[in-house]
Novice: 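Here's a structure for you.
Atom set for the values below is all heavy atoms of this structure, side chains included, hydrogens, waters and symmetry mates excluded. Computed from a predicted structure; not experimentally measured.
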Amino acid sequence: MNEWEHLLGAQHRAWHKVLIRATGLVNRGRVVLRPPTPNSVSSALFSSSLFFWGCMCVSWRLKVGGNLKSNPRIHGHSCSQVLRSRGCLSSDDFQQLLAELEQEVERRRRLGQESAARKALIASSYRPARPDVYAPLQDAVLAPEFRATAEYSASPNADLGGLLQKLETLSEEKRIYRLPVFTAAFCGALLEELGHFEQSDLPKGRPNTMNNHGVLLHELGLDEPLVTPLRERFLQPLMALLYPEYGGALLDSHRAFVVKYAPGQDRELACHYDNAELTLNVALGKAFTGGALYFGGFFQAPAVLTETLEVEHVVGQGILHRGGQLHGARPLGSGERWNLVVWLRASTVRNRLCPMCCRPPCLVDDEGFGDGFTREEPPTVDVCTLT
């Protein structure tokens, strides 16, 4: 047994305790989940799996009841080998890693409840600078090309060939496309409103597990007037033609957020894939240099980052790609970059196979917003068997 295997084995009890706190109550090798508020559904694995350490560019799926000493694996590779290659070289490094994991577990456990509380506080206390951006979605804020493309996609004689003539194909092999989505005027109005909210003293949630700065649109009250009709009226017919096997015609939920990159804040984003069947990423502005997106292969494919595609941002234009397409953002050079990201989800697809772990999901009720999963049975106490 080498030094790293011994260290990992010694830390197994610590991992176990962290994950027990993450998932509930232990009972004879099972975790009995407390019954939260019904109506929103997430995967139990969200609080115990798929942790990402950006400083080492490592994502890790942890298992309770397994043996880290005998099976220390990250994406199929030796745990000690991968962590060493990312700079985690000592017991102190590992302890820091463990502390970060513990913090992230606790954050995820509180996520739904805290998000619901923030949304309620914002609704009662916040005064928008641009009330017009909260109005129900009007065609006038959408780029004419986007409206025409969506209208064509919904027409009886629409086909993939005709749709592709209306899109900019960034990569035929990777199935990545671009088209104008919003007018420049609307991008400016939305940025003004986001900046106003950012300057307020109201609490703000992280957009996702990797970005630290930005805005969750459902907390700000922009989901229903803006994003839901955008998905239902415009994106769904378009995605149905582009990505039928990924549930493009069956998109029934989303998670929408704005991410901000600026000096002293997030400047880049490590390679990852999205918790979504499909993704729309729209550049809003402001003035900036650098920060290009890059795309690798599909996350399940071998040699996924051997050939990357770099894409520069164009204000008002949106990039369409599969959620499982590996991608990231190059370092920002100067200025501020704001992007609207919509994770599009199809419950009929993810109910069968979670897009993050490629396993059937173990569903639990969520206190706030869900993760795009659904189920027909009434909410009960769920039992998750951990292996």
Novice: Search all heavy atoms of Y134 against all heavy atoms of P128 and return the closest pair with its distance.
Specialist: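 Residues Y134 and P128, closest heavy atoms: CE1-CB, 3.5 Å.
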Novice: Could you please spell out the steps behind the side chain to side chain contact (heavy atoms under 4.5 Å, CB included) verdict for F146 and L230?
Specialist: CA-CA 11 Å; F146 183 67; L230 186 72; 3.7 Å; yes
Novice: Honestly curious: do I122 and V227 fall in one hydrophobic cluster under the side-chain, below-4.5 Å linking rule?
Specialist: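 Yes.
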Novice: Apply side-chain contact (heavy atoms from CB on, under 4.5 Å) to F288 and list each qualifying residue two or more places apart in sequence or on a separate chain.
Specialist: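 Result, side-chain contact (heavy atoms from CB on, under 4.5 Å) vs F288: H313, L332, R337.
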Novice: Got a salt bridge between R231 and D252, using NZ or NE/NH1/NH2 to carboxylate O under 4.0 Å?
Specialist: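 Salt bridge: no.
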Novice: Please tell me whether M239 and L250 are part of a single hydrophobic cluster in this structure, the criterion being side-chain heavy atoms less than 4.5 Å apart.
Specialist: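 In one cluster with M239: L250, no.
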Novice: On a heavy-atom basis, which atom in L190 and which in V133 lie closest, and how many Å separate them?
Specialist: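 Minimum heavy-atom contact is N-CG1, 4.1 Å.
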Novice: Indicate yes or no: at least one non-hydrogen side-chain atom of D371 is less than 4.5 angstrom from one of R345.
Specialist: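 Contact flag for D371/R345 side chains = yes.
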Novice: Does E310 CD have over 12 foreign heavy atoms under 6.0 Å away?
Specialist: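 Yes.
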Novice: Which heavy atom of L160 sits nearest a heavy atom of L241, and at what distance?
Specialist: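 Scanning both residues, the minimum pair turns out to be CD1-O, 3.6 Å.
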Novice: Hey, does E114 have a side-chain heavy atom less than 4.5 Å from the side chain of R118?
Specialist: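 Yes; the side chains approach each other to less than 4.5 Å.
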Novice: Should the pair E336-K286 be classified as a salt bridge under the 4.0 Å nitrogen-to-oxygen rule?
Specialist: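 Between K286 and E336 there is a salt bridge, with a charged N closer than 4.0 Å to a carboxylate O.
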Novice: Report whether V349 and L344 are members of the same hydrophobic cluster (ILVMFWY, side-chain heavy atoms less than 4.5 Å apart, transitive linking).
Specialist: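 No; tracing contacts between hydrophobic side chains, which count when under 4.5 Å, never links both residues.
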Novice: Does any donor atom in the side chain of E277 or Y243 lie under 3.5 Å from an acceptor atom in the other side chain?
Specialist: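 No, no side-chain donor-acceptor pair sits under 3.5 Å.
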Novice: Report yes if the distance between the aromatic ring centroids of H321 and F295 is under 6.0 Å, otherwise no.
Specialist: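 When the ring centroids of H321 and F295 are compared, they turn out to be within the sub-6.0 Å range.
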Novice: Do the side chain of Y273 and the main chain of M356 share a donor and acceptor less than 3.5 angstrom apart?
Specialist: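 A pair under 3.5 Å: yes.
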Novice: May I ask you to decide whether K119 forms a salt bridge with E219, counting only side-chain N to carboxylate O separations under 4.0 Å?
Specialist: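 Salt bridge absent between K119 and E219.
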Novice: With no hydrogens and no angle check, do the side chains of R255 and N208 hold a donor and an acceptor under 3.5 Å apart?
Specialist: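 No, because no side-chain N or O of R255 sits under 3.5 Å from a partner of the opposite role on N208.
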Novice: Going by the angle between their ring planes, with limits at 30° and 60°, are F186 and F182 parallel, tilted or perpendicular?
Specialist: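 Tilted: the ring planes of F186 and F182 meet at 30° to 60°.
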Novice: For a 4.5 angstrom cut-off between non-hydrogen side-chain atoms, does H272 reach L269?
Specialist: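 The answer is yes, as the side chains (C-beta and beyond) meet within the 4.5 Å cut-off.
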Novice: If we only count heavy atoms from C-beta on, is the L220 to L194 side-chain gap below 4.5 Å?
Specialist: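 The answer is yes, as the side chains (C-beta and beyond) meet within the 4.5 Å cut-off.
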Novice: State plainly whether one hydrophobic cluster holds both L142 and V315, where clusters connect Ile, Leu, Val, Met, Phe, Trp and Tyr through side-chain heavy atoms under 4.5 angstrom apart.
Specialist: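 No, because L142 and V315 fall into different hydrophobic clusters, even though each may have its own neighbours under 4.5 Å.
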Novice: Just to verify, what does Y261 make a ring pair (Phe, Tyr, Trp, His ring centres under 6.0 Å) with, not counting sequence neighbours?
Specialist: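 Y261: no ring pair (Phe, Tyr, Trp, His ring centres under 6.0 Å) contacts found.
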Novice: Within the side chain of N211, is there an N or O that forms a donor-acceptor pair under 3.5 Å with the backbone of P207?
Specialist: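 It does not hold such a pair.
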Novice: Using a 6.0 Å distance limit plus a 45 degree cone around the ring axis, check whether R147 lies over the aromatic ring of F234.
Specialist: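 Not satisfied by the 6.0 Å and 45° rule.
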Novice: Below 3.5 Å, can you tabulate the donor-acceptor pairs from side chains in residues 161-169 to any protein atom, sequence neighbours excluded?
Specialist:
{"from": "E168", "atom 1": "OE1", "to": "R178", "atom 2": "NE", "distance (Å)": "3.1"}
{"from": "E168", "atom 1": "OE1", "to": "R178", "atom 2": "NH2", "distance (Å)": "3.4"}
{"from": "E168", "atom 1": "OE2", "to": "R178", "atom 2": "NH2", "distance (Å)": "3.2"}

Novice: Indicate if L278 and F298 have the same hydrophobic cluster label, given that clusters are the connected sets of ILVMFWY residues with side-chain heavy-atom separations under 4.5 angstrom.
Specialist: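 Yes: a chain of side-chain contacts under 4.5 Å links L278 to F298.
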Novice: Regarding E268 and R330, does a basic nitrogen lie under 4.0 Å from an acidic carboxylate oxygen?
Specialist: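 Between R330 and E268 there is no salt bridge, as every charged N stays at least 4.0 Å from the carboxylate O atoms.
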